[in-house]
Every structure is written in C-alpha cells, then in structure tokens.
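Just so you know, residue 1 is the first one in the sequence shown, and it goes up from there. For clarity, every value in this text was computed on a predicted model and none was experimentally measured. Note that ligands are numbered from 1 as they come in the structure, with each ligand's atoms numbered from 1 the same way.
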Amino acid sequence: RAKREGRNTWRLYSSDMEFHNNRRMTLETALRESLAQGEGIEAYYQPLFERDSGRLYSAEALMRWHHPQLGQVSPGEFIPLAESAGLILQLGQRLLDQVLQQLHDWLAAGLEPVPIAINLSPRQFWQHDLIDDIRTRLEAFAIPAELISFELTESTLLDRHQQAITALEALRDLGHRVAIDDFGTGYSSLSYLQDLPITTLKIDRTFIQALTEGNRRGSEAILAAVTGLAEGLDLQVVAEGVETHEQLDALARFPVQLIQGFLFGRPANAATFTTNWLIRRA
Ligand code: C2E
Ligand code: MG
Ligand code: MG
Ligand code: MG
C-alpha cells in the first residue's frame, strides 16, 4: 500500500490521460458504428425569428447523436472529435441529406418550409468538391438553393483568404445565403470581412449575455460597432443565444433583424418543430 501511495501523483496523471484517451477511442468507435448502421444521428431544428414582426424566418439544423450504450453525446464533444478523426464529411453529408429529405417532406405535405441553416466545420468547407457535392445533393432531392444556407466561423475563413472568397462566391452564385457564426469570438479584421461575399453576421451569445450581466458599457459599444458595420456592409444581423426578456430589451436599440435563443425556441426534433413552429407560424 505504502509503495503505491508514493506513486500517487504519477498514477493520477496517468489515469487522467488514460481516461481521456479511452473516452476518445470509445466515442470514435461508437461514432463509426452509428454511421455504419445509419442510426442515432438526427437533425434538430432551432427557430430564428424576425425581431420586429415576431415571424418565423428560418431555422438552424443542429446535429444530435444518441448511442445505445453511451446515450446522448453533445455536439461540443463529438463534432471536434469527428473533425479530427476524419468522420466529419460523412457526418455532415448524413445531416444534409436528412435536412433535404425533411424539406422534401414538408413540401410534399403542402407546408411552406422556412430556409434551414447548415453548420460547416473547417474540413467540410475546405473539401475539394464542396460545391459539386452540395449541388448534387440538392438536385437529388429537388430542393431550391434558397432553402439551404450555411454557417461558418471566422477561424474557418481566416487562412487562404482568396480561396475562401472563391468558395463563398460559388455558394452565393448557387443561391445560398452564408452567415459568419459566433461572430466576435475570432480574430478576423474588419477589412477582411469587407471582401467576403457573405450575407449574415451571427453575433456570438457571449456578447448578448454581457449586455445584462457582464461589462454592460463595453458590450454595448461592441454591439453598436458590429451592427453599424453590418448595416454599412448590407449584412443581416442575428443575435444568438437570447435567453431573457432583459437581453431582448437591451438589444432594442441596435439594428438587429433576427433573434435566435432559448427565450423563443429551443432546438427541437423535426416533428416538434413542425407542430410548434412551422404549422403555427404567424
Ligand atoms: P452553433 O452553430 O453556434 O450553434 C448554436 C448553439 O447554441 C447550439 O448548441 C444551440 O443549442 C445553442 N443555443 C441556442 N440558443 C441558445 C440559448 O439561448 N442559450 C444557450 N446557452 N445556448 C443556446 P449545440 O446544438 O450544442 O451545438 C454546439 C455547436 O456544435 C454548434 O454551435 C456548432 O458549432 C456545432 N454543430 C452542431 N451541429 C452541427 C453540424 O451539423 N455540423 C457541424 N459542423 N457543426 C455542428
Ligand atoms: Mg451555427
Ligand atoms: Mg453560433
Ligand atoms: Mg457556437
């Protein structure tokens, strides 16, 4: 016993690492399993509303993964893992097809669907046949490009500026809207932004939170700058992660067109989204 305790520090460290690596390997194997079986991966839909009219405008598709033994795993954990394990392209294609099938079903049922936003991680955005792949899939489901938009983070677009512009132009020419997600958390310069053929800025939730909880004056200044910039560049602005009426009130004096957050709607499965939002919409 005494001998063992002498090695406590080492053992703690070692078992920590083992735990981490085991979890990683377990998840990776499980994710491969789910992909192979075509089960457990599901698109949830979170509504975005026009701030001034309160009307449903669009929805964001958010991936959910449930594994029979592991249960629900959060995208914050499995998306980066899929990205580094080389599984993200397959996962992303699975999700896009699911969303396209859903849009097809809504149209077939005579419902007027709203545009759905798809998140693209770096490897997805930089895959060499991105544009062809997207176009082919949309054609297969006969879905017009206006019904699918994309979300990218600043860091995805940061390197290879000219190539990023070319890819974004191709998406735009197909008819897709493109948003910069979590805006304000990356390091893109303002002049950089000016050159990007995008349509939308999604202001990160941390800035919305800080409007009522953190450094209020500082975050008001940031909100004013970002929304002013967006106005000047003719970009649509989304406030992400609006959770309270106080936050909504604090946003009132800024030119923000769209609101997304738990205050108005949490991500929901297709059936719930359809009955709660799509059918009942104003
Ligand atoms: P994101 O694209 O910024 O998505 C918004 C996240 O904020 C979602 O978390 C959503 O559930 C959460 N959220 C929305 N409103 C609120 C709110 O009012 N309060 C709080 N606290 N959170 C709110 P989720 O679904 O866990 O996704 C996390 C991230 O995982 C996403 O961030 C996105 O980067 C990534 N992700 C999700 N689905 C996909 C996907 O299909 N493909 C890729 N590449 N990434 C995905
Ligand atoms: Mg997003
Ligand atoms: Mg976001
Ligand atoms: Mg995020």
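- Heavy-atom distances between R64 and ligand 1 reach below 4.0 Å in at least one pair.
- Within D181, the N, O or S atom at minimum distance from the Mg ion (ligand 2) carries the name OD2.
- Looking at L91 against ligand 1, nothing comes within 4.0 Å, counting heavy atoms.
- The Mg ion (ligand 2) lies at 2.8 Å or more from every N, O or S atom belonging to E240.
- Between Q247 and D249, the side chains place no donor N or O within less than 3.5 Å of an acceptor N or O (distance only, hydrogens not considered).
- Note on ligand 1: R266 sits outside its first shell, no heavy atom being nearer than 4.0 Å.
- Contacts of S219 classified as side chain to side chain donor-acceptor pair (under 3.5 Å), with partners at least two apart in sequence or in another chain: none.
- The Mg ion (ligand 2) has E60 among its coordinating residues (N/O/S atom, backbone or side chain, under 2.8 Å).
- Rounding to the nearest 10°, we obtain 90° for the angle at the Mg ion (ligand 2) between N119 OD1 and E151 OE1.
- The minimum heavy-atom distance between R51 and L251, with the atom names listed, is NH1-O, 2.9 Å.
- By the rule that hydrophobic residues join a cluster once side-chain heavy atoms approach within less than 4.5 Å of another member, Y44 and L278 end up as members of separate clusters.
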Exercise. N119 and E60: side-chain hydrogen bond (donor to acceptor under 3.5 Å, both in side chains), yes or no, with the steps?
Worked result: CA-CA 8 Å; N119 291 283; E60 178 174 6; 2.8 Å; yes

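- Under the 4.0 angstrom criterion for non-hydrogen atoms, P267 is in contact with ligand 1.
- Within the structure, the closest approach of Q260 to ligand 1 does not fall below 4.0 Å when heavy atoms are considered.
- Checked against a 6.0 Å centroid threshold, the rings of W277 and Y57 do not count as neighbours.
- At least one heavy atom of E60 lies less than 4.0 angstrom from ligand 1.
- With sequence neighbours left out, F183 forms a ring-ring contact (aromatic ring centres under 6.0 Å, His included) with no residue at all.
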